[in-house]
There are 2 protein chains.
Amino acid sequence: MGENVLGDELGDAVDDVEGRQAPLALALVDLSHLVLHLFADAGRAYDLTQQQTELLCAVIVRGRVRMNELGKILHLEKSSLSGLVDRAERRGLMIRTRDESDRRAYWVELTGEGIRLATQTHSDVTVRLDRMISHLSLDSQKRLTGVVNQITSAGARPDR
Amino acid sequence: MGENVLGDELGDAVDDVEGRQAPLALALVDLSHLVLHLFADAGRAYDLTQQQTELLCAVIVRGRVRMNELGKILHLEKSSLSGLVDRAERRGLMIRTRDESDRRAYWVELTGEGIRLATQTHSDVTVRLDRMISHLSLDSQKRLTGVVNQITSAGARPDR
DNA sequence: TATTGTTATACTCTATAACTATA
DNA sequence: TATAGTTATAGAGTATAACAATA
């Protein structure tokens, strides 16, 4: 849907100096919308919101997470995460267990039903993601992974 | 995740064990969270939510959009978009004008204040995005742009 | 009839502030 | 004091359904 127009206009507006990185910036934004929308699509079939789907997928790939860490992963305030987990727990998808070594903290893990839904939706997302990159050469895929990981680790710490 | 050690960004970061595309899928998901979170960060300084910021940025790069098209761009139901634009309009950031050639439709465009905020936040996002990729070689950036654009256009139409 | 958009409704999602309980 | 988490509150965001107006 009009990414040509987008590229042109944004290019004119933003890319002034030598490197014209604007197209890459825009490409990344579009890609990100697309990727995260996969969670919404995958969840819809199971009556899950995008946020619930992201939550399930974030937990299943880690097995067991502290609320604290989960908040950082999902970029959520602790109270927002509380509510999100509350609704998932109320629906029987996950449970909180106290960390006995630090009784302020809680571990979050999936129930059987949670694992079922998480597996399904996670697989859905991965399949669609794989399909999106399937036409790239293996070499391109490997290179892309490396570059993306670099960007992520650079962006994760907002230094300088 | 600590690839700081390597001197060059290309294949080195990725150990080429067989098949496993999971790292790429995961990397893309993490990246997407990071990228879209930039809108939230950029908007916060101006008391804008992530969605309002995305809305402003989507409109400013197009100048003038139909509600219909905007909904597709942002992946929103028409009623959801109605509310989003309502709040932006109520705040004096944009206005709806009737399309006289098709009186069912509306055009959305930014007010002066809307343009100001949109320019600021859009610039913020772009700057941070540029910073995230600034340490890649120019060649890598170009190649990455091409690959990302390929993925996006492949994912936009779910025709496998 | 089909399309473009709004309104009504009922949720979910989110951040801020104040709180409890551990450490 | 500092940290991990909850609760209260208020508002934003979202989808579904029903509706109006135009094509």
(message) Closest-nucleotide mapping onto DNA chain C: is A/Asp99 or B/Met67 further toward the 5' terminus? I mean the 5' end.
(response) B/Met67
(request) Could you state the atom-to-atom distance from CG of A/Leu81 to P of C/dT16 in whole Å? (result) 15 Å
(request) Give me the residues of residues 35-46 of chain A where at least one heavy atom lies under 4.0 Å from an atom of DNA chain D, by number, or none. (result) none
(request) Taking the side chain as every heavy atom from C-beta outward, state whether B/Arg87 and B/Arg91 have any atom pair closer than 4.5 Å. (result) no
(request) Measure from CG on B/Asp47 to C1' on D/dA10 and round the result to the nearest Å. (result) 14 Å
(request) Give the ring-plane orientation class for A/His33 versus B/His75, where under 30° counts as parallel, over 60° as perpendicular and anything between as tilted. (result) tilted
(request) Evaluate the side-chain proximity of A/Asp41 to A/Arg128: yes if any heavy-atom separation is below 4.5 Å, no if none is. (result) yes
(request) Grab the CG-P distance between B/Leu74 and D/dA12 for me, whole Å please. (result) 18 Å
Measure all distances between protein nitrogen or oxygen atoms and nitrogen or oxygen atoms of nucleotides 12-14 of chain C, and list the pairs falling under 3.5 Å.
{"residue": "C/dC13", "atom": "OP1", "partner": "A/Thr49", "partner atom": "OG1", "Å": "2.2"}
{"residue": "C/dC13", "atom": "OP2", "partner": "A/Gln52", "partner atom": "NE2", "Å": "3.3"}
{"residue": "C/dC13", "atom": "OP2", "partner": "A/Arg87", "partner atom": "NE", "Å": "2.4"}
{"residue": "C/dC13", "atom": "OP2", "partner": "A/Arg87", "partner atom": "NH2", "Å": "3.0"}
{"residue": "C/dC13", "atom": "O3'", "partner": "A/Gln51", "partner atom": "NE2", "Å": "3.4"}

(message) Please tell me if B/Arg103 has a side-chain N or O lying less than 4.0 Å from either OP1 or OP2 of C/dG5.
(response) no
(message) Less than 4.5 Å apart, side chain to side chain, heavy atoms only: is that true for A/Val127 and A/Met132?
(response) no
(message) Near DNA chain C, counting only heavy atoms under 4.0 Å, which residues of residues 104-123 of chain A show up?
(response) A/Arg104
(message) Can you measure B/Asp102 atom CG to D/dA20 atom C1' for me and round it to whole angstrom units?
(response) 15 Å
(request) Only counting residues at least two apart or in another chain, list the ones meeting side-chain contact (heavy atoms from CB on, under 4.5 Å) with A/Val61. (result) A/His122
(message) A side-chain contact here means heavy atoms from C-beta on lying under 4.5 Å apart; do A/Val147 and A/Gln150 qualify?
(response) no
(message) Please report the distance, rounded to the nearest Å, between CZ in B/Arg66 and P in D/dA23.
(response) 13 Å
(message) Just so I know, are the side chains of B/Thr121 and B/Phe39 near enough to count as touching, which here means a heavy-atom distance under 4.5 Å?
(response) no
(request) Report the distance from atom CZ of B/Arg98 to atom P of C/dT6, rounded to the nearest whole Å. (result) 10 Å
(message) The criterion is side-chain contact (heavy atoms from CB on, under 4.5 Å); which residues satisfy it with A/Arg96, sequence neighbours excluded?
(response) A/Met67, A/Ser82, A/Val85, A/Asp86, A/Glu89, A/Tyr106, A/Val108
(message) With side-chain hydrogen bond (donor to acceptor under 3.5 Å, both in side chains) as the criterion, how do B/Asp139 and B/Ser137 come out once you've worked through the C-alpha distance, each side chain's angles and the decisive distance to 0.1 Å?
(response) CA-CA 5 Å; B/Asp139 188 51; B/Ser137 73; 5.2 Å; no
(message) Rounding to an integer number of Å, can you tell me how far B/Asn68 CG sits from D/dT22 P?
(response) 17 Å
(message) Under 4.0 Å, counting only non-hydrogen atoms across every strand here, what does B/Arg96 touch: a base, just sugar-phosphate, or nothing?
(response) sugar-phosphate
(message) Measure CD/B/Glu54 against P/D/dA12 and give the value in whole Å, please.
(response) 17 Å
(message) Would the distance check show the side chain of B/Ser140 and the main-chain N or O of B/Leu136 forming a donor-acceptor pair, the cut-off being under 3.5 Å?
(response) no
(message) A/Glu69: which residues meet the side chain to side chain donor-acceptor pair (under 3.5 Å) condition with it, sequence neighbours left out?
(response) none
